Amino acid sequence: MKITERMLLSGNEAVALAAHNAGVALGTGYPGTPSTEILETFADLGGHAQWSPNEKTALEVGLGSAFGGGRTLVTMKHVGLNVAADPLFTAAYTGVSGALIIVSADDPGMASSQNEQDNRHYAQAACLPMLEPSDSQEAFDFMAAAIEISEQWRIPVLLRMTTRICHSKTIVKPRPLPPPSPASFQCDIQGRVMIPAYARIAHKKLRQKIKKIAAWNETSGLNKIVEGDQALGIISSGVSVVHAREAAPEASLLKLGMTHPLPLESIRCFAEKMDRCLVIEEGDPYLVDAIRAAGISVEGKDDMYRFGELNVNRVRRIVKGDVSQETPPPKGKPPQLCLGCPHRSVFEILRKLDCIVAGDIGCYTLGVLPPFEAMDSCVCMGASIGVGLGLRRVLPGEQARRVVSIIGDSTFVHSGVTGLIEMVYNPPATGHVVIIVDNGTTAMTGLQEHPATGRTLDHQPTGKVVLEDLARSIGVPNVHVIDPSKNQDQFEKILRESLQKEELTLLIARRPCILAAKKIREYEKAAEIAECECCAEMEE
Amino acid sequence: MAGKIANIIVAGLGGQGVLKASDIISEAVFLAGFDIKKSEVHGMSQRGGSVCSDIRYGEAVFSPMVPEGEADYLVVLSEDQVENNRHQLREGGVLITPSMIDENKLTNKKSLNVALLGVLSRNMDIDRSFWLDSIRANLPEKIHEVNFQAFEIGRSIGN
């Protein structure tokens, strides 16, 4: 990316550029649409970015970096914050020495997610400041502001984006940002070791801190009023702001940039001046509930607008109070497994053998669609193994012997490992069969590396987790590695035998994703050349 | 609202170059000095499913999404995606589809998206040089020439 005075950037690119300009020392995360490009762009700009096995690990590494005084960025999609929720809540207690900015990229409307989750609740639940940009310029500005807030108040800050902010391109005028202080460790045992005695103190401190931040937010400059008629006042945040400006250009608008803790006095003052005050927000009634709980009378949207994204048409309807049925848009063509995808033959065989299939998250989830229809459940990253084991426990023997768990390589590393350990520890009477469909990449989000590819975020060779060795070492008795496209008959034969065996089996169906194969060969070749040059130098 | 906003929708199937085409339009408009917002949803949709991208430009653009039924131009890269996107077009809006291009004239059939941008460019008041600069900026050098040709083929068709 060439940095110029006026740029056309996606929200993700704008966050990365701000991180770069602010001298962020480390970016960690797990790829997840719509957040993925933030770390990729940060790396392209020369920043140090790395994919972690999952979001919990990413946040823990990020927290350590911020304990050491570094400016740190951790990125994930909305469901990823569930995985990272454990360290998140305690990170609020410990606080940070440097800056810790956690991006939650929500997906209202579920363009590529398994649920529609409004992560503004996490800010409230964990008691953390949260900023919500409404275009790419604000994504840049709010990333910069988040770093300032995090350093000033020594607290992690949530930067909440949504699909339309992450992936929309709008004009950005970037600017230089104040440089970071050098990283350095300062001992603070009471502040960072959360045994109950210290955590009780930390919780009280956190609540006091957030009260002070709430008072500061009344005049922080992050919330803006666009003057208009007093007949209608709109309170809004994130992408809903721009829909509202367009749908009701005559209205007064209070645009909230920091949505936790809320500037309730500013909101009260705004609402009191209006004949009618309406809250326009995408997803859950987060703002409207909080504002009403403060005793401020405002109007919210009908529950029908809780589902899916907002847009200008829908906001016009909300303003009018129109609750008539909406016309659904004509159906497009659904996505499908690529022609030549190595997962295809696996699903064909699973269907042929009439397996009960506990599935997982990745492009192989498309195995649920015709012509395969070979998936019976899909819940969250890693759930396939646990769900399969649970099914094996309760189903009558004949049905239990048909249960198979299927999981991708990246998903397995993310949160399948503990499922496999559970399988070894509590094996069902009928045994169990797990298939890792290993296509050598994180295909769903656009071909990212992961610990089992043996390459870092920027495709350089690094330590590699060998899945079959891992499985054998934790005690899975039967481990097979097969190319499912080349040896379809053999794959079917082994699967058939494994289902009858009443033992534990891991089948690794290994063949590179057809979209990634060419690039993987290039990376491997580059690594070979680098190794040869290294040997040559040593010989000299 | 300040000034008139022009609304463009590019639609097609994952893998056809819908996002690339919308990037090229966006950058041409950006280079011409307008305020611009481009919006898309990708992810699973990359895998052969319907893909759609919105571009809006003018003096000041608010929402990045084209309000339903208000597209001035609808560019569809796949004939079978015309019907499910037609509702996006405003009355009197311009529909641009692959049937307008003689594919045999294209050196590389993958440049169909750029040929359709040639057709679109006839309707938009954006200097030709910005289009060419944008194609240059968005595509690898070795396919510049093929795409310039495709663009001119589309541009010569008119509407």
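As a basis for the values below, the full set of heavy atoms in this structure was taken, side chains included, without hydrogen atoms, waters or symmetry mates. Note that the structure is predicted; figures quoted are calculated from it, not measured. In what follows, chains are A, B, ... by sequence order, proteins preceding strands, each numbered from 1.
For B:E70, the part lying near chain A is the side chain, with the backbone staying farther off; criterion is any non-hydrogen pair under 4.5 Å. B:F34 touches chain A through its backbone: at least one of N, CA, C or O sits under 4.5 Å from a heavy atom, while the side chain does not. There is no contact between A:L369 and chain B, counting heavy-atom distances below 4.5 Å. Interface remark: A:E309 contributes side-chain atoms only to the contact with chain B (heavy atom separation under 4.5 Å).
Within residues 20-28 of chain B, the residues approaching chain A closer than 4.5 Å by heavy atoms are, in numerical order, B:D23, B:S26, B:E27.
Take B:Q16 and apply the side-chain hydrogen bond (donor to acceptor under 3.5 Å, both in side chains) test, not counting sequence neighbours, and it matches no residue. Under the salt bridge (Lys or Arg N to Asp or Glu O under 4.0 Å) criterion, B:D54 pairs with no residue at all, not counting sequence neighbours.
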- Query: Step by step, would you call A:H167 with B:K38 a side chain to side chain contact (heavy atoms under 4.5 Å, CB included)?
  - Reply: CA-CA 8 Å; A:H167 285 170; B:K38 185 199 103 154; over 6 Å; no
- Item | Full working for side chain to side chain contact (heavy atoms under 4.5 Å, CB included) between A:E246 and B:R56 | CA-CA 13 Å; A:E246 185 156 342; B:R56 314 187 71 202; 2.6 Å; yes
- Task: Check step by step if side chain to side chain contact (heavy atoms under 4.5 Å, CB included) holds for A:K333 and B:L13.
- Result: CA-CA 8 Å; A:K333 195 173 165 227; B:L13 296 172; 3.8 Å; yes
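A 4.5 Å side-chain heavy-atom check between B:S53 and A:K169 finds every atom pair outside the cut-off. Side-chain contact between B:P64 and A:V239 is present, with at least one heavy-atom pair separated by less than 4.5 Å. In this structure, the side chains of A:T170 and B:I36 stay at 4.5 Å or more apart for every pair of heavy atoms. By the 4.5 Å heavy-atom criterion applied to side chains, B:K37 and A:D135 are counted as neighbours. By the 4.5 Å heavy-atom criterion applied to side chains, B:P67 and A:N311 are not counted as neighbours.
Summarising the geometry, atom OG belonging to A:S168 is positioned 7.5 Å from atom CD belonging to B:E40; distances are rounded to the nearest 0.5 Å.
A:R6 contributes a side-chain N or O that, together with a main-chain N or O of B:F30, makes up a donor-acceptor pair within less than 3.5 Å.
Of the listed residues A:I171, A:L339, A:V312, the one with more heavy-atom pairs under 4.5 angstrom with chain B than any other is A:I171.
No more than 12 heavy atoms of other residues, nucleotides or ligands shown are found within 6.0 angstrom of CD on B:E141.
Pairs passing the salt bridge (Lys or Arg N to Asp or Glu O under 4.0 Å) check and including a residue from residues 86-106 of chain B, sequence neighbours excluded, read B:D72-B:R90, B:E83-B:R86.
Residues B:E68 and A:R317 are not paired through a salt bridge, judged by the lack of any N-O separation under 4.0 Å between the basic side chain and the carboxylate.
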